[in-house]
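To keep things clear, I will list the structure first and then write my remarks on it.
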Amino acid sequence: MSSLFISDLHLMPERPDITGAFLAFLDGPVKQAEQLYILGDFFEVWLGDDDKSDLNRTVIDALARVTAAKYLMHGNRDFLLGAEFAASTGATLLTDPTVHDIAGRRVLLMHGDSLCTRDEAYIQVRTMLRSPAFQQDFLSKSLEERAAIARSARNQSKAHVRETAADIMDVTPEEVVREMQDHQVDLMIHGHTHRPAIHKLEVDGKPAQRIVLGDWDQQGWFLELGEEPRLESFDIA
Ligand code: MN
C-alpha cells in the first residue's frame, strides 16, 4: 500500500511521448497505489474545462479509470482546472497549501511556486492570475482568444525565466521553514522548480524533510511515500 506523488508533467499535444508515459504509469505503479497526488502543472496549459481537445479527453478518460483515490492541486500553468474536470475524473481538487495525513505523517503539500518569494515579478503575476475577477473574464472569452492569450503569456514567461538568475527562481529557504512551522509538519512535498531531490533540514530544532518532485521531459519522476520516501525516475522514450 502506498501513496504516489507526481507533478510538472506539462502534458501537451506536442509531446505524445509524455502522455504515453503517463498512461503507462497509470497502468504500472498506480495500479498498486492507494492514493495518487498530482501536485500541479499536470497540463502545460489549461484553457478551461470546456476545452474538449483530444489530449484532454484522453487524460480525463484514463484518470477516471484509476481506482486509487486521486488528488489534484493547481500549478501555475493549469490553475483553471475546475469542478467539471474534477467531477469527470473523480479527482478531489486540493487548495495550495494542504496538509494531509499520509502514511502516518502530517504532510504539507504545495505546488511550490508560492515558495519562490525572491522572484517578486512572478509573485505579482501569480496574484493577478489567481484573482476571481481575472479568471472570470478569461473564461468568458472564446477558446481561440484564450489560446492566444495563453501563448503570449507563455512567451513573456520564457523571457522572464531567461532574464532571471537561477537561484531567484528556486524556493526561498526561510519561506520553506516558515510554511512548515505554520503548518506544524516535518515533511513538505512540492514540485514546480524541476529540481527533484530529498532535502534534509531543521525546523524548530527538529529534523525535517522537503521533497521536490521532478518534471517529466526526457525522464519521468514519481515519489512513493511508504515507510521511507523513494524518489524514482524512469526514461521516457
Ligand atoms: Mn510550476
Side-chain angles (χ1 to χ4, degrees), residues 4-15 18-19 21-22 25 36-48 55-56 59 71-82 85-86 91 93-98 107-131 134-135 138 146 149-173 175-176 179 188-199 210-223 231 233 236:
L4 299 181
F5 301 77
I6 56 174
S7 74
D8 301 281
L9 280 69
H10 296 273
L11 295 174
M12 60 178 113
E14 296 78 13
R15 291 292 303 271
I18 298 179
T19 308
F22 174 63
F25 174 68
L36 172 65
Y37 287 87
I38 304 173
L39 298 185
D41 289 356
F42 183 35
F43 290 92
E44 170 71 1
V45 63
W46 191 259
L47 299 175
L55 171 68
N56 296 356
V59 173
Y71 300 98
L72 182 80
M73 186 175 278
H74 289 145
N76 50 299
R77 321 300 315 279
D78 54 8
F79 56 88
L80 287 171
L81 283 165
F85 179 86
L93 284 175
L94 301 177
T95 54
D96 182 1
T98 284
V107 186
L108 177 57
L109 307 168
M110 304 181 81
H111 175 56
D113 55 327
S114 67
L115 296 167
C116 304
T117 54
R118 284 173 295 187
D119 189 351
E120 287 166 22
Y122 170 69
I123 292 292
Q124 275 181 12
V125 171
R126 183 181 195 274
T127 306
M128 191 270 289
L129 295 176
R130 301 289 175 124
S131 82
F134 169 83
Q135 296 192 358
F138 183 79
R146 280 181 258 167
I149 294 169
R151 268 195 303 277
S152 103
R154 185 68 198 125
N155 290 334
Q156 283 177 29
S157 160
K158 279 184 174 156
H160 176 67
V161 167
R162 276 196 301 274
E163 290 156 6
T164 308
D167 65 319
I168 287 181
M169 288 182 298
D170 200 356
V171 301
T172 308
E175 188 66 11
V176 168
E179 288 282 2
M188 165 192 273
I189 300 172
H190 71 82
H192 181 66
T193 60
H194 301 188
R195 301 170 196 221
I198 300 182
H199 297 280
R210 175 173 69 95
I211 303 178
V212 187
L213 305 170
D215 60 308
W216 291 33
D217 187 5
Q218 299 309 309
Q219 285 185 308
W221 290 86
F222 65 93
L223 168 72
L231 201 49
S233 67
I236 294 178

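Throughout, residue positions are numbered sequentially from 1 according to the sequence presented. Order of appearance sets the numbers: ligands from 1, and atoms from 1 within every ligand.
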Worksheet entry | Note: Arg118-Glu175 ion pair, threshold 4.0 Å (strictly below) |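 A salt bridge is absent here (no side-chain N lies under 4.0 Å from a carboxylate O).
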Fill in: Ion pair check, Asp96 and Arg126, cut-off under 4.0 Å
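Yes.
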Examine distances only and state if a side-chain atom of Gln135 and a backbone atom of Leu129 form a donor-acceptor pair shorter than 3.5 Å. yes
inquiry  = Any N/O/S atom, side chain or main chain, of Asp41 closer to the Mn ion (ligand 1) than 2.8 Å?
reply    = yes
* Asked: Does the shortest distance from the Mn ion (ligand 1) to an N/O/S atom of Asn76 fall below 2.8 Å?
  ->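 So Asn76 counts as coordinating the Mn ion (ligand 1), yes.
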Do the rings of Phe22 and Phe25 sit parallel, tilted or perpendicular, given the 30° and 60° boundaries? tilted
message: Need the atom name: nearest N/O/S atom of His192 to the Mn ion (ligand 1).
response: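 Within His192, restricted to N, O or S, the Mn ion (ligand 1) is closest to atom ND1.
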